[in-house]
Amino acid sequence: QVQLVESGGGLVQAGGSLRLSCVTSGRTTTSYVMGWFRQAPGKEREFVANINWSGSSTSYAKSVKGRFTISRDNAKNTVYLQMNSLKPEDTAIYYCAGGRYYSIERENFGSWGLGTQVTVSS
């Protein structure tokens with residue numbers, strides 16, 4: 001069993017920054033692919049970013065590329081999402097996820113956190 005706990009969400013003005021953290025525990029997760037997804041009200045959960053176990057490969061959704069950066073510290077069992085130049089359309093619940101395969105599809109992530117709310121005001 002793997003547990004994921006997100007933190008770092010909050011209310012920020014457009015153009016501002018936030019850093020989300022996801023701490024993992026339970027079974028060994030350093031070999032896991034880790035990802036961030038988000039879900040806005042009335043919309044489906046969508047891929048934001050992912051990172052392989054070593055941190056050498058990352059992928060981003062087009063809507064966040066160049067503004068968001070995913071990273072991980074395996075010694076701390078923590079994954080980060082640095083979000084800069086935030087826009088109102090980034091408002092959503094952000095979820096951390098872990099999986100065994102390098103993928104942008106949510107179906108390939110078997111472990112999920114409960115999410116953290118990010119609200120960007122205009």
Side-chain angles (χ1 to χ4, degrees):
Q1 193 78 10
V2 176
Q3 292 82 42
L4 310 177
V5 179
E6 305 96 334
S7 63
L11 173 64
V12 64
Q13 288 188 333
S17 299
L18 283 174
R19 187 176 81 157
L20 306 183
S21 299
C22 172
V23 178
T24 67
S25 62
R27 290 173 56 186
T28 300
T29 57
T30 55
S31 61
Y32 273 36
V33 173
M34 299 300 298
W36 287 96
F37 290 75
R38 68 185 182 186
Q39 188 166 17
K43 295 187 177 181
E44 290 191 355
R45 193 171 300 188
E46 65 176 5
F47 168 77
V48 175
N50 67 4
I51 187 168
N52 70 341
W53 70 273
S54 68
S56 61
S57 293
T58 58
S59 299
Y60 296 93
K62 288 182 181 179
S63 58
V64 307
K65 198 167 186 179
R67 300 187 297 122
F68 291 10
T69 302
I70 188 171
S71 62
R72 67 190 298 166
D73 184 339
N74 288 337
K76 296 182 178 180
N77 292 325
T78 303
V79 180
Y80 304 98
L81 185 68
Q82 178 66 44
M83 305 186 296
N84 298 328
S85 302
L86 282 161
K87 304 175 181 180
E89 51 263 44
D90 294 318
T91 295
I93 299 174
Y94 283 70
Y95 297 90
C96 176
R100 296 186 180 277
Y101 306 104
Y102 192 69
S103 170
I104 66 171
E105 304 294 335
R106 63 186 185 198
E107 291 77 12
N108 287 326
F109 290 83
S111 300
W112 292 84
L114 296 180
T116 184
Q117 176 72 47
V118 171
T119 303
V120 184
S121 63
S122 58

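Keep in mind that what you see is a predicted model, and the values were worked out from it rather than measured.
- Among all heavy-atom pairs drawn from Gly98 and Met34, the shortest one is CA-SD, 3.7 Å.
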TODO: Just do the side chain to side chain contact (heavy atoms under 4.5 Å, CB included) check on Phe47 and Ser59 with the steps written out, would you?
DONE: CA-CA 10 Å; Phe47 168 77; Ser59 299; 4.0 Å; yes
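- A heavy-atom distance below 4.5 Å is found between the side chains of Met83 and Val118.
- Going from atom CG of Leu20 over to atom OG1 of Thr78 covers 12.5 Å, rounded to the nearest 0.5 Å.
- Once rounded to the nearest 0.5 Å, the distance linking CZ of Arg100 with OG of Ser111 reads 8.5 Å.
- A donor-acceptor pair is defined here as one N or O able to donate and one able to accept, closer than 3.5 Å; no such pair exists between the side chain of Gln13 and the backbone of Ser121.
- The heavy-atom pair separating Glu6 from Gly115 by the smallest distance is OE1-N, 2.9 Å.
- Hydrophobic clustering, with ILVMFWY side chains joined whenever heavy atoms are under 4.5 angstrom apart, groups Val79 together with Val64.
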- [ ] Could you walk me through whether Ser17 and Asn84 pass side chain to side chain donor-acceptor pair (under 3.5 Å), step by step?
- [x] CA-CA 4 Å; Ser17 299; Asn84 298 328; 2.9 Å; yes
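- In this structure Ser122 satisfies the side-chain contact (heavy atoms from CB on, under 4.5 Å) test together with Pro88, sequence neighbours excluded.
- Remark: side-chain polar atoms of Asn52 are not paired, donor with acceptor, to backbone N or O of Tyr102 under 3.5 angstrom.
- Interatomic distance, CD1 of Ile70 versus CZ of Arg72, reported as 8.0 Å (0.5 Å rounding).
- When ring centroids are compared, Phe109 and Tyr101 stay outside the 6.0 Å threshold.
- Using a 4.5 Å cut-off between side-chain heavy atoms of Ile, Leu, Val, Met, Phe, Trp and Tyr, with links allowed through other members, Trp36 and Leu18 fall into the same hydrophobic cluster.
- The aromatic rings of Phe68 and Tyr94 sit tilted relative to each other, their planes meeting at an angle between 30° and 60°.
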Open item on the list: Could you go through Tyr80 and Thr69, starting from their C-alpha distance and side-chain angles, then the distance that decides it, and tell me whether this counts as side chain to side chain contact (heavy atoms under 4.5 Å, CB included)?
Closed with: CA-CA 8 Å; Tyr80 304 98; Thr69 302; over 6 Å; no
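- Here the side chain of Asn50 pairs a donor or acceptor atom with the backbone of Ser103 at under 3.5 angstrom.
- With hydrogens and angles disregarded, a donor-acceptor distance shorter than 3.5 Å links the side chain of Arg67 to the backbone of Ser85.
- Under the 4.5 Å side-chain heavy-atom criterion for Ile, Leu, Val, Met, Phe, Trp and Tyr, Trp112 and Val23 are members of distinct hydrophobic clusters.
- In this structure, Val12 is a member of the same hydrophobic cluster as Val48, with clusters built from ILVMFWY side-chain heavy atoms closer than 4.5 Å.
- For the pair Arg45 and Tyr95, the cation sits on the ring face: its NZ or CZ lies under 6.0 Å from the ring centre, inside 45° of the axis.
- Taking CG of Leu81 as the reference point, atom OH of Tyr60 lies at 7.5 Å (rounded to 0.5 Å).
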Open item on the list: With side chain to side chain donor-acceptor pair (under 3.5 Å) as the criterion, how do Asn108 and Arg106 come out once you've worked through the C-alpha distance, each side chain's angles and the decisive distance to 0.1 Å?
Closed with: CA-CA 5 Å; Asn108 287 326; Arg106 63 186 185 198; over 6 Å; no
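- Closest approach of Ala92 to Gln39, counting heavy atoms only: CB-O, 3.4 Å.
- Nearest approach of Cys22 to Leu4, heavy atoms of both residues: SG-CB, 4.0 Å.
- Thr119 places no side-chain N or O within 3.5 Å of a backbone atom of Leu11 that could act as its donor or acceptor partner.
- To the nearest 0.5 angstrom, Ile51 atom CD1 is 6.0 Å from Ser71 atom OG.
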